[in-house]
Undergrad: 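There's a structure below that I have some questions on.
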Amino acid sequence: MRKALYILGQLNDADIQWLADHGRTRQLRDGEVVIQEGRPIDALFLNLEGALAVTAGDGVEVARLGAGEFVGEISFVDSAPPSATVKGVGQSAVLEIKRSAIQRKFAEDVGFSARFHRALAVFLADRLRAANRRLGYGKQGDLGSEQMLEGELDMTVLDTVSQAGDRFNRLLGMLATG
């Protein structure tokens with residue numbers, strides 16, 4: 001649920017309501033493809049329940065994502081085709097939010113746009129730092145005592161963790177009653 005902590009923690013309650021109102025819940029069958037590597041996508045997805053498997057070009061699973069994880073965010077930012085395939089594992093459900101709806105919301109609501117883009121930037125910065133650590137850059141001691149340890153959340157995220165969890169639960173409730 002790490003991505004949800006970044007993204008939902010930066011959004012406000014009205015933004016969560018907008019996601020519930022403008023997203024479409026999709027029930028996935030086991031193995032159903034949500035995102036196909038190399039094929040353009042026109043939506044951002046939030047895993048509502050179950051698991052999603054992320055596979056690289058050779059079909060090797062590189063990640064398994066649980067409820068609360070967003071997928072498609074990199075292609076959302078740069079419009080390039082996805083670099084991985086994402087499939088449902090067992091029974092799962094995602095919230096699909098069309099790119100066109102999000103872009104209209106950006107044009108109408110500058111505050112939403114700023115919060116949403118900040119959330120993506122913070123998340124992607126964390127992912128880049130983690131990748132750099134795996135590659136051996138920024139080894140402990142290189143940057144002094146303020147360097148984050150692997151798996152540690154950024155302070156900007158820690159401040160909003162509780163809110164993010166509450167917002168995810170409220171979003172699930174909105175979708176169940178909507």
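Note that these values count all heavy atoms, side chains included, but never hydrogens, waters or copies made by symmetry.
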Undergrad: Output all residues satisfying ring-ring contact (aromatic ring centres under 6.0 Å, His included) with Phe76, sequence neighbours left out; order by chain, then residue number.
TA: Phe116
Undergrad: Transitively linked via ILVMFWY side-chain contacts under 4.5 Å: Phe45 with Val62?
TA: yes
Undergrad: Would you find a donor on one side and an acceptor on the other, under 3.5 Å apart, between the side chain of Asn47 and the backbone of Gly50?
TA: yes
Undergrad: So, do Pro82 and Ile41 sit near enough that their side-chain heavy atoms are less than 4.5 Å apart?
TA: yes
Undergrad: How many angstroms lie between atom OG of Ser75 and atom CG of Leu44, to the nearest 0.5 angstrom?
TA: 10.0 Å
Undergrad: Given the rule that I, L, V, M, F, W and Y join up when any side-chain heavy atoms are under 4.5 Å apart, are Leu95 and Val89 in one cluster?
TA: no
Undergrad: Side-chain contact, heavy-atom cut-off 4.5 Å: Leu28 with Gln91?
TA: no
Undergrad: Kindly indicate, with the supporting measurements, whether the criterion side-chain contact (heavy atoms from CB on, under 4.5 Å) is fulfilled by Asp78 and Ile74.
TA: CA-CA 6 Å; Asp78 68 6; Ile74 295 174; 4.1 Å; yes
Undergrad: Are Gln17 and Asp21 close enough that a side-chain donor and a side-chain acceptor fall under 3.5 Å?
TA: yes
Undergrad: Just how far is it from atom OG1 of Thr85 to atom CD of Gln36, taken to the nearest 0.5 Å?
TA: 4.0 Å
Undergrad: Salt-bridged, Lys105 to Glu108, with N to O below 4.0 Å?
TA: no
Undergrad: With the 4.5 Å side-chain cut-off for hydrophobic clustering, are Val33 and Val94 part of the same group?
TA: no
Undergrad: If hydrophobic clusters are built from ILVMFWY residues whose side chains come within less than 4.5 Å, do Phe70 and Leu124 share one?
TA: yes
Undergrad: Measuring from Asp42:CG to Ile102:CD1, what's the distance to the nearest 0.5 Å?
TA: 10.0 Å
Undergrad: Applying side-chain contact (heavy atoms from CB on, under 4.5 Å), run through Leu128 and Tyr137 and close with a yes or a no.
TA: CA-CA 11 Å; Leu128 180 60; Tyr137 300 114; over 6 Å; no
Undergrad: Answer yes when Lys98 and Glu96 have at least one side-chain N-carboxylate O distance shorter than 4.0 Å, and no when they do not.
TA: yes
Undergrad: Is it the case that the side chain of Arg115 and the backbone of Gly111 share a donor-acceptor pair, with hydrogens and angles ignored and the cut-off at 3.5 Å?
TA: yes
Undergrad: Please determine if Asp13 and Arg170 form a salt bridge, counting it only when a charged side-chain N lies under 4.0 Å from a carboxylate O.
TA: yes
Undergrad: Hydrophobic clusters here meaning ILVMFWY residues chained together by side-chain heavy-atom distances under 4.5 Å, can you tell me if Phe106 and Val122 are in one?
TA: yes
Undergrad: To the nearest 0.5 angstrom, please state how far the CZ atom of Arg99 sits from the OG atom of Ser79.
TA: 4.0 Å
Undergrad: Looking at Arg39 and Pro81, what are the two nearest heavy atoms and their distance?
TA: N-CB, 4.1 Å
Undergrad: Check the pair Leu52 / Glu69 against side-chain contact (heavy atoms from CB on, under 4.5 Å), numbers first and verdict last.
TA: CA-CA 9 Å; Leu52 300 175; Glu69 298 287 346; 5.9 Å; no
Undergrad: Measuring from atom CG of Leu11 to atom CZ of Phe112, what distance do you get when rounded to the nearest 0.5 angstrom?
TA: 6.0 Å
Undergrad: Do Glu49 side-chain atoms and Ser92 backbone N/O form a donor-acceptor pair below 3.5 Å?
TA: no
Undergrad: Provide the closest heavy-atom pair for Arg26 versus Glu32 in the form atom of the first, atom of the second, distance.
TA: NH2-OE2, 3.4 Å
Undergrad: When Leu46 is tested against each of Ile7, Val71, Leu171, Leu19 for side-chain contact (heavy atoms from CB on, under 4.5 Å), which residue passes?
TA: Leu171
Undergrad: To check you understand the geometry: which heavy-atom pair defines the closest contact between Asp30 and Gly90, and what is its length?
TA: OD1-N, 2.7 Å
Undergrad: Could you walk me through whether Arg167 and Asp15 satisfy the side-chain contact (heavy atoms from CB on, under 4.5 Å) test, starting with their C-alpha distance in whole Å, then the side-chain angles of each, then the deciding distance to 0.1 Å, before giving a yes or no?
TA: CA-CA 10 Å; Arg167 287 184 180 131; Asp15 300 336; over 6 Å; no
